[in-house]
Structures are given as structure tokens and as C-alpha cells.
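Because the structure is a prediction, the values reported are computed rather than measured.
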Amino acid sequence: MSYKEALKKWQEATLPDYLAADLEKYTPDQQEDAFYQNLSFGTAGMRGVLGAGTNRMNVFTVRQVTEALARYIDEQGSDAKKRGVAISFDSRHFSPEFASNAAQVLSAHGIKSFLFSSLRPTPELSFTVRELHAFAGIMITASHNPKEYNGYKVYGEDGGQMVPEAVDAVVNELANITDIFNIALDEDNKNVQIIDDEIDNKYLKKMETVTVNADLVAKEGASLKFVYSPLHGTGQYIGEKALQQAGFTNYTIVKEQAVIDGDFPTVKKPNPEDAAALSLAIEYAKRDGADAVVATDPDADRMGAAVKLADGTFQILTGNQIAAVLVNYLLTAKKDTNTLPTNGSIVTSIVSSRFASKVAESFGVETADVLTGFKYIAATIDQFEETKSNTFLFGFEESFGYLVKPFSHDKDAIQALVLFAEVAAYYKSQGKTFADGLYELFEKFGYFEEKTISLDFPGIHGNDEMAAIIAGFRDNQPAEIGGVKVARVQDFSTSVETSKDGSTAKLSQPKANVLKYWLDDGSWVALRPSGTEPKLKFYIGVESESQQESQAKIDIISADLMKRAK
């Protein structure tokens with residue numbers, strides 16, 4: 001079907017006034033972009049700009065994908081339908097409506113839904129799937145994307161994002177749904193159960209296990225002064241309960257960013273990876289003499305932080321730096337109490353720093369490297385538990401996602417929030433700061449620096465343009481990058497690693513459109529298309545004996561990559 005045929009169907013349909021108004025306002029180019037394809041559904045669910053059209057997030061595309069999910073669950077039998085689907089949502093525009101519509105579609109199929117009546121974080125949704133032994137979960141969120149976006153994540157019965165085989169089955173069902181304006185809804189919600197306090201309390205009970213040293217927190221927790229921003233999202237409600245339960249009471253909430261608002265009026269992007277998102281919280285911290293700043297994104301699966309330096313300024317930490325300090329604290333505590341397992345493992349993505357891995361190695365703890373996407377970390381945890389081969393100790397991605405305890409099977413900013421506060425309190429009890437802890441690790445293990453470069457490719461031809469750049473690297477493999485020879489190339493699309501002497505080895509990870517280059521000096525470069533946005537991402541990691549030397553390496557490699565990407 002051409003985009004004009006799809007557009008005509010929408011123009012002839014009975015639409016809510018706001019969607020009809022969208023159609024009226026579209027320019028010819030916007031019409032084509034809104035209808036040239038169906039919104040893509042993959043292993044990260046679907047995510048897109050809000051508005052009218054098949055390539056937009058709206059009640060009709062939400063109903064369509066839920067109908068496909070419902071048909072897939074129908075095929076799994078009556079037990080799957082009884083176990084049902086847990087549903088939650090964040091603070092974005094139309095999130096409550098999308099969640100309600102999803103529940104009504106499922107109910108029309110006789111599938112049980114467990115629905116929160118108000119917004120809850122993504123990690124609590126993951127926990128809920130596991131706690132209720134639900135067959136699946138739906139989280140309405142676009143995570144850290146700008147206000148124009150919303151999204152739809154689907155979770156499997158393990159609480160991790162749905163595995164590729166199940167996603168493929170849902171995609172096959174999607175192809176059979178041609179009339180998205182006549183999908184059955186059960187407006188009486190006969191199979192919908194509201195879940196709120198009961199699950200909150202169970203999640204908070206599990207949060208008690210995140211605290212490593214309860215005596216330390218009881219003694220020092222109230223002395224740590226910090227600022228917390230939920231960035232207009234879900235984190236505050238459950239995050240404050242978790243902090244207070246652990247013993248942290250001396251914190252200030254950024255009141256302007258405690259307002260639930262899908263416009264995210266105080267930030268350009270509600271993303272703790274973006275330094276600007278922490279600027280208001282840092283102003284609070286300077287005014288109040290706070291030790292640190294923490295912020296969670298709208299669905300509270302990512303946490304960013306800034307810490308006070310000796311001169312009173314604040315350093316914004318990278319996700320890799322936060323992870324390294326947390327790992328060092330966790331493993332030190334286990335070593336000191338003789339509870340460090342001999343088969344311990346941390347799990348991280350192939351585009352994350354080697355910093356935390358080097359810290360872990362010093363404790364005799366292995367690192368399992370997985371593809372980008374926390375579902376791969378969750379799957380590795382399940383594998384550990386099934387085979388008893390390793391004991392999971394910590395999981396993280398460089399993009400500010402962390403998991404301390406696997407009662408959630410997705411990145412959990414509430415867990416990270418509580419552990420970060422404990423580690424900051426620990427250093428304060430030693431007359432130090434979190435920054436001091438970081439620089440001690442730099443001195444011991446080397447100065448690790450990383451950088452991520454995101455190139456935007458919006459519109460109809462964006463995917464083709466990204467594919468051409470990646471193909472250019474594959475077809476003309478660089479012998480050196482930034483003046484340093486390439487030691488080996490890992491092509492995850494073929495699962496082959498090739499060394500510069502021509503020898504090859506098989507990669508253990510699933511196939512994916514990712515290239516990674518290891519250089520002779522230990523530096524590395526990776527490139528991959530984003531799974532959630534029209535972006536091509538370049539990741540750079542280096543280490544040396546000083547920050548200045550590491551930053552110089554980053555600059556040289558960055559310039560080289562951008563030349564090659566033109």
C-alpha cells in the first residue's frame with residue numbers, strides 16, 4: 001500500500017479531534033513521513049513521534065500492536081491468558097490512554113490485565129511481571145526521548161524485554177492486521193485488575209536487599225546531603241519511599257522537576273545522559289551546600305549523577321564512571337565479609353567501558369560482555385541461574401543503566417539511586433567524596449575515558465543513509481584509526497573476529513549490526529544503529545596514564561571517525 005492510499009484511509013476514518021487536526025496540518029512531506037511505513041516493532045518494542053499516521057504513536061497503532069500481542073498469547077493457550085499481562089506507563093502525553101487501550105484490547109480476547117492506576121517506573125513493571133508470574137508485560141514509555149515521543153515496550157515472562165523469537169511471532173501477527181480502525185475493545189474492562197499499593201510494597205521490600213551495609217547507612221545516611229530530580233517523571237513516588245526506607249532523609253527534591261508533565265518544561269531532553277538535564281539540580285546543590293546530585297529519567301530506568309569537587313564545583317559523571325565506583329564498593333564489601341563468590345560475574349554491554357571490568361578483575365570477578373540492550377543482560381542472568389555457572393553481582397550499560405539485584409530484569413534507577421547514596425555516604429564517612437573514590441580508581445587502574453557520538457538520520461531515507469555508512473566501514477575496513485593500527489575487528493553481523501594477522505575466531509554473542517575495532521594501544525571503537533531512534537552511534541573507549549592523554553586520544557579518534565562517516 002502506498003503512503004497516499006494509507007493517508008486516504010485515515011482521512012476517511014472517524015478520528016479523535018486531535019488526530020484529525022494533525023492530518024489537516026500535515027505538509028506533503030509530513031504526510032509521506034507519517035504514512036510511508038508502519039511504525040517498526042522490534043526487540044525494543046516500538047517508539048515514535050506522537051501524531052496521526054501509521055508511522056506515528058497513537059491509539060490506533062497501540063491497539064494494532066496489542067491486538068498482535070493478544071493473538072500471540074491466544075496461541076499459547078488458556079494458561080497464558082489466565083497469567084495475563086502487567087501494564088504500566090510513564091508521564092508522557094497519552095501514556096494513560098495508551099495503557100488503558102492496551103488493557104481493553106487484551107480484555108476483549110479474555111486475557112487478564114494487571115494495570116497500575118497511575119504512573120510507575122519501568123523497573124517496577126519488570127518486577128511486577130516476575131512477582132505475578134504474568135505471561136508478559138507492557139510499559140508505555142519513550143524513556144529519555146524528547147517530549148514529542150512515546151513508546152511501547154513488551155516484556156517476557158522473565159521480566160526482561162521480549163526475546164527475538166516471540167517478537168518475530170508478534171510481527172507476523174501484525175502483518176495480518178489490515179484494519180486498525182476496527183479492533184475490538186472491552187470498554188467494561190471485565191478482565192482488568194488494578195494493582196497499586198500491594199505491588200509497591202512488595203517492590204519496596206525487595207529494595208531492602210539493595211542496601212549493602214545497613215549499619216553504615218543508619219549511622220551516616222542522614223549526614224549525606226544531596227539533591228534529587230525525577231525530571232518530571234515516575235521516579236519520585238517510589239524513589240523517595242526507597243530512599244527514606246533505606247535511611248536517607250537529608251535530600252532536596254528539585255520542585256520544578258517534581259511536577260508530572262509530559263512537556264518536560266525545564267529541560268530540552270529529559271535524559272540524565274545530557275549534562276543540561278542536571279543543571280537545575282546542580283544550582284540547587286550549590287545553593288544548599290549538597291554533596292551530590294542524582295537524576296532519574298521519566299520512566300526511572302536510567303540514573304545520572306554529579307558530585308562536588310574540592311573547589312565547590314560539580315563534576316558530571318559518566319555512566320561508566322558511576323558503574324566502576326559502584327562495582328568497587330560492592331566487591332570490596334563482599335571481600336571484606338568473605339561473601340565474594342568464586343564464580344562471581346558482572347555483566348555489561350560490548351560498548352561499555354573496560355573500567356569496571358578491570359576493577360572487577362582485580363577481585364577475581366569475570367565480566368560477561370553482551371550486545372547492547374538490557375534484555376541481553378537479563379538473559380545472561382537467567383542463564384547464570386539456570387546453569388549455576390556464575391553468580392550475578394552487577395549489571396550495567398554505559399547509557400546510565402544499572403542493576404544491583406535481579407528482582408527486576410531491566411535497568412533499575414531506583415536501585416541505582418539507593419546504592420549511589422550509600423556509596424556517597426561511605427566516602428563521606430571517610431572524610432572523602434564520591435569524586436575522591438573515582439580518582440583513586442583512576443590512579444590504581446588507569447585513566448579511562450569514553451565518548452559516544454550520535455549522528456541523526458531522520459526521515460524516509462535515514463535508514464538507507466545509516467546502512468551506507470556502516471557498509472562503507474565493512475567494505476573498506478580501516479587498517480588504523482586515529483593513527484593507531486587496528487589489532488582486531490569484531491563484526492557481530494557475521495559473528496567473526498578477525499585479527500590483523502588474518503586469523504579468525506567466532507564471537508559468542510547473537511548476530512547484530514555492530515562493528516567493533518580494537519586498536520594496538522588498547523583503545524576501541526564501535527558503531528551501531530540505535531535500536532530506538534534514527535541515529536547512528538559511534539562509541540570510543542581509551543585508557544592511559546593521565547586524563548589529558550586519554551582526552552587527546554578521544555579527540556584524535558573522534559576526528560578520524562567523522563571524516564570516515566562523511
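Listed for the Lys268 side chain is no donor-acceptor partner under 3.5 Å among the backbone atoms of Ala276. Panel note: side chain Asn201, backbone Asp197; a donor-acceptor pair is recorded below 3.5 Å. Using modelled atom types, one side-chain atom of Asn213 and one backbone atom of Leu216 make a donor-acceptor pair closer than 3.5 Å. Between the side chain of Thr380 and the backbone N or O of Tyr376 there is at least one donor-acceptor pair closer than 3.5 Å. A distance-only check finds a donor-acceptor pair linking the side chain of Arg130 to the backbone of Asp158 [under 3.5 Å]. In this structure, the side chain of Ser91 does not engage the main chain of Pro298 through any donor-acceptor pair within 3.5 Å. Put simply, the side chain of Ser558 gets close to the backbone of Ile554: a donor and an acceptor are under 3.5 Å apart. No donor-acceptor distance shorter than 3.5 angstrom exists from the side chain of Gln193 to the backbone of Lys112, with no hydrogens or angles considered. A distance-only check finds a donor-acceptor pair linking the side chain of Ser88 to the backbone of Arg120 [under 3.5 Å]. A donor-acceptor contact shorter than 3.5 Å is absent between the side chain of Thr211 and the backbone of Ala214.
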- Task: Apply side chain to side chain donor-acceptor pair (under 3.5 Å) to the pair Tyr427 and Asp291, showing each step before the final yes or no.
- Result: CA-CA 11 Å; Tyr427 281 113; Asp291 303 300; over 6 Å; no

- Report the C-alpha separation of Ser389 and Asn343 in whole Å, then their side-chain angles, then the decisive distance to 0.1 Å, and conclude whether the side chain to side chain donor-acceptor pair (under 3.5 Å) test is met. CA-CA 7 Å; Ser389 61; Asn343 65 346; over 6 Å; no

- Query: What do the steps show when you test His409 against Asp382 for side chain to side chain donor-acceptor pair (under 3.5 Å), and what is the final call?
  - Reply: CA-CA 9 Å; His409 263 35; Asp382 288 338; 2.9 Å; yes

- Query: Given Tyr447 and Phe442, is the ring-ring contact (aromatic ring centres under 6.0 Å, His included) satisfied, shown in steps?
  - Reply: CA-CA 5 Å; Tyr447 283 80; Phe442 278 150; 4.9 Å; yes

- Query: Between His93 and Asp263, is a side chain to side chain donor-acceptor pair (under 3.5 Å) present by the stated rule, with each step listed?
  - Reply: CA-CA 8 Å; His93 294 306; Asp263 281 331; 2.8 Å; yes

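For Glu385, the CD atom counts as densely surrounded, since its 6.0 Å shell holds more than 12 non-hydrogen atoms of other residues, nucleotides or ligands. Atom NZ of Lys206 is surrounded by 12 or fewer heavy atoms from other residues, nucleotides or ligands within 6.0 Å.
Ion pairing of Asp369 with Arg354 is present here, as a side-chain N (NZ or NE/NH1/NH2) and a carboxylate O approach within less than 4.0 Å. For the pair Asp410 and Lys375, the salt-bridge criterion is not met [side-chain N within less than 4.0 Å of a carboxylate O]. The pair Lys451-Asp555 does not count as a salt bridge, with every side-chain nitrogen at least 4.0 angstrom from each carboxylate oxygen. We find that Lys286 and Glu283 are not joined by a salt bridge, their nearest charged nitrogen and carboxylate oxygen being 4.0 Å or further apart. In summary, Lys432 and Glu440 engage in a salt bridge, as defined by a charged side-chain N under 4.0 Å from a carboxylate O.
Residues Tyr152 and Val154 have side chains in contact (heavy-atom distance under 4.5 Å, counting atoms from C-beta outward). With a 4.5 Å cut-off on side-chain heavy atoms, Leu331 and Phe394 do not count as touching. Two residues are said to be in side-chain contact when any heavy atoms from C-beta on lie closer than 4.5 Å; Arg302 and Thr296 fail this criterion. Between Leu340 and Leu393 the shortest side-chain heavy-atom distance falls below 4.5 Å. Lys153 has its side chain within reach of Gln161: a pair of non-hydrogen atoms, C-beta onward, lies under 4.5 Å apart. Contact of the Asn150 side chain with the Ile140 side chain is registered, since non-hydrogen atoms from C-beta on lie closer than 4.5 Å. Using a 4.5 Å cut-off on side-chain heavy atoms (C-beta onward), Ser429 and Lys219 make no contact. Using a 4.5 Å heavy-atom cutoff, the side chains of Leu527 and Tyr539 are not in contact.
Closest non-hydrogen pair, Thr372 versus Glu397, comes out as C-OE2, 3.7 Å. Nearest heavy atom pair, residue Val370 against residue Gln509, reads CA-CG, 4.3 Å. Contact detail for Pro272 and Leu278: the closest heavy-atom pair is O-CD1, 3.8 Å. Val129 approaches Gly156 most closely through the heavy-atom pair CG1-O, 3.3 Å. Shown here for Phe355 and Ser353, the closest heavy-atom pair between the two residues is N-OG, 2.8 Å. Closest non-hydrogen pair, Ser229 versus Ala281, comes out as CB-CB, 4.5 Å.
Side chain to side chain, Asp90 and Thr234 fail the donor-acceptor criterion of an N or O pair below 3.5 Å. For the residue pair Thr313/Asp311, the side-chain donor-acceptor check at 3.5 Å is satisfied. Side-chain contact, Asn320 with Thr318: no donor N or O sits under 3.5 Å from an acceptor N or O. One side chain, Thr266 or Gln257, offers a donor N or O that lies under 3.5 Å from an acceptor on the other. At a cut-off of 3.5 Å, with distance as the only test, no side-chain donor of Asp301 or Thr122 sits close to an acceptor on the other residue. Counting only N and O atoms by type, the side chains of Ser143 and Thr141 include no donor and acceptor under 3.5 Å apart. Side chains of Arg47 and Asn145: a donor-acceptor N/O pair is present below 3.5 angstrom, by distance only.
Proximity of the aromatic rings of Phe396 and Tyr402 is defined here by a centroid distance below 6.0 angstrom, and this criterion is not met. Side-chain rings of Tyr228 and Tyr251 stay apart, their centers remaining 6.0 Å or farther from each other. When ring centroids are compared, Phe420 and Phe226 stay outside the 6.0 Å threshold. Aromatic rings from Phe434 and Tyr426 are positioned such that their centres are separated by 6.0 Å or more.
Ring orientation note: the planes of Phe94 and Phe98 are close to parallel, at an angle under 30° on the 30°/60° scale. Taking the six-membered ring where tryptophan is involved, the planes of Phe407 and Tyr203 are perpendicular, since the angle between them exceeds 60° and thus also 30°.
In this structure, Lys241 forms a cation-pi arrangement with Tyr237, its terminal cationic atom sitting closer than 6.0 Å to the ring centre and no more than 45° off the ring axis.
Summarising the geometry, atom OG belonging to Ser550 is positioned 7.5 Å from atom CD belonging to Gln547; distances are rounded to the nearest 0.5 Å.
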